[in-house]
Novice: 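I'd like to ask some things about the structure below.
Just so it is clear, the structure is predicted and the values come from calculations on it, not from any experiment.
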Amino acid sequence: MTNTQIVPARGAWIAGLALAFGVMGCASEEADSAVAWETMEVTATSFTLAEEETKRGNVGLTAFGDQLEPGDKALAVSRDLIRMGLTHGTKVRVEGLPGTYTVQDKMNKRWRNKIDILFKKRSRALEWGRQKIEIEYQVADAS
């Protein structure tokens, strides 16, 4: 077999692989289109994984049983928001912050219409403070 015979075969294989990845990308886009995003205004505060801000003796252990790590894009939500669809694992976009966060904790039942955002650094959490913001959260398409 000469190199001229191998090169076209490799080219066809690479083209087929590129086509397969393109098709998988389309399937992913179709799956994303089946997800709707709802918007709501909430009060947003912040927390870190400092022991005084979390569960003593089990730093980072959430009420849902997840173990948070520094740098996770995680949220705690008030229980009324859970009833509105922000359940464990829900993806959330937070106004003013890049990326997508995940609901991984729930707050004490005394809080209403509130989220608590995990920050890696205390200085950044204090800078965030308390704000009224808009969030977008994923909901399954009912159709």
Side-chain angles (χ1 to χ4, degrees), residues 3 5-143:
N3 282 345
Q5 292 172 332
I6 293 172
V7 172
R10 282 186 185 162
W13 181 81
I14 291 171
L17 189 59
L19 179 61
F21 280 119
V23 169
M24 285 191 301
C26 291
S28 174
E29 289 171 14
E30 287 174 18
D32 287 344
S33 69
V35 176
W37 290 84
E38 294 284 332
T39 303
M40 74 168 61
E41 185 177 81
V42 296
T43 298
T45 55
S46 59
F47 73 104
T48 67
L49 292 180
E51 188 167 16
E52 59 272 11
E53 296 180 53
T54 62
K55 189 174 229 165
R56 298 200 196 300
N58 282 318
V59 173
L61 182 63
T62 73
F64 285 120
D66 294 339
Q67 182 62 52
L68 299 178
E69 299 294 333
D72 284 351
K73 288 186 167 274
L75 298 175
V77 297
S78 57
R79 293 169 193 242
D80 60 324
L81 297 182
I82 294 170
R83 290 188 293 274
M84 295 176 68
L86 276 92
T87 59
H88 182 250
T90 300
K91 300 297 182 197
V92 180
R93 296 177 188 149
V94 178
E95 178 184 1
L97 296 175
T100 303
Y101 288 73
T102 304
V103 174
Q104 291 186 267
D105 200 2
K106 53 187 166 183
M107 302 170 82
N108 186 291
K109 56 187 167 192
R110 73 177 174 264
W111 300 113
R112 297 282 181 266
N113 198 43
K114 186 176 176 186
I115 66 170
D116 211 5
I117 305 163
L118 176 62
F119 283 93
K120 188 174 185 177
K121 295 182 179 180
R122 181 167 169 73
S123 60
R124 181 66 180 107
L126 291 172
E127 181 183 304
W128 177 267
R130 178 185 173 104
Q131 304 180 36
K132 280 206 180 259
I133 61 163
E134 278 202 357
I135 61 169
E136 293 181 305
Y137 63 99
Q138 280 188 348
V139 292
D141 190 9
S143 59

Novice: Show the nearest heavy-atom pair for residues Met40 and Tyr137, with the distance to one decimal.
Specialist: CE-CE2, 3.4 Å
Novice: Using residues 67-76 as the side-chain source, report each donor-acceptor pair under 3.5 Å to any protein atom, sequence neighbours left out, with the distance given to one decimal.
Specialist:
residue	atom	partner	partner atom	Å
Gln67	NE2	Val59	O	2.8
Asp72	OD2	Glu69	N	2.8
Lys73	NZ	Pro98	O	2.8

Novice: Under a 4.5 Å cut-off applied to non-hydrogen side-chain atoms, are Leu81 and Ile115 in contact?
Specialist: yes
Novice: Ignoring hydrogens, what is the shortest heavy-atom contact between Arg79 and Met107? Give both atom names and the distance.
Specialist: NE-O, 2.7 Å
Novice: Do Glu136 and Glu95 pass the side-chain contact (heavy atoms from CB on, under 4.5 Å) test, and can you show the C-alpha distance, the side-chain angles, and the key distance before you say yes or no?
Specialist: CA-CA 8 Å; Glu136 293 181 305; Glu95 178 184 1; over 6 Å; no
Novice: Cation-pi between Arg93 and Trp37: NZ/CZ under 6.0 Å from ring centre and within 45° of the ring axis?
Specialist: yes
Novice: For the residue pair Asp116 and Asp105, establish whether any side-chain heavy-atom pair is separated by less than 4.5 Å.
Specialist: no
Novice: Can you name the nearest heavy-atom pair linking Ala125 to Thr48, along with the distance?
Specialist: CB-CG2, 3.9 Å
Novice: Closest heavy-atom contact between Ile135 and Val94?
Specialist: CG2-CA, 4.3 Å
Novice: Using the side-chain contact (heavy atoms from CB on, under 4.5 Å) rule, take Thr45 and Lys114 through it: C-alpha gap first, then chi angles, then the decisive distance, then the call.
Specialist: CA-CA 8 Å; Thr45 55; Lys114 186 176 176 186; 3.2 Å; yes
Novice: Indicate yes or no: at least one non-hydrogen side-chain atom of Ile117 is less than 4.5 angstrom from one of Phe47.
Specialist: no
Novice: Please report the shortest heavy-atom distance between Glu53 and Ser46, naming the atom on each side.
Specialist: OE1-O, 4.4 Å
Novice: Could you list the donor-acceptor pairs under 3.5 angstrom formed by side chains in residues 84-91, with sequence neighbours left out?
Specialist:
residue	atom	partner	partner atom	Å
Thr87	OG1	Thr90	OG1	3.4
His88	NE2	Asp66	OD1	3.3
His88	NE2	Asp66	OD2	2.6
Thr90	OG1	Gly85	O	3.4
Thr90	OG1	Thr87	N	3.0
Thr90	OG1	Thr87	O	2.7
Lys91	NZ	Thr102	OG1	3.0

Novice: Hey, is the main chain of Phe119 close enough, under 3.5 Å, to the side chain of Arg122 for a donor-acceptor pair?
Specialist: no
Novice: Would Val139 and Val35 count as a side-chain contact (heavy atoms from CB on, under 4.5 Å) if you check the C-alpha gap in whole Å, the side-chain angles of each, and the deciding distance to 0.1 Å?
Specialist: CA-CA 6 Å; Val139 292; Val35 176; over 6 Å; no
Novice: Hey, are the side chains of Ile133 and Glu41 touching, using non-hydrogen atoms and a 4.5 Å cut-off?
Specialist: no
Novice: Does the Ser78 side chain pair with the main chain of Asn113, one donor and one acceptor, at a distance under 3.5 Å?
Specialist: yes
Novice: Rounded to the nearest 0.5 Å, how far does CH2 of Trp128 lie from CG of Leu97?
Specialist: 4.0 Å
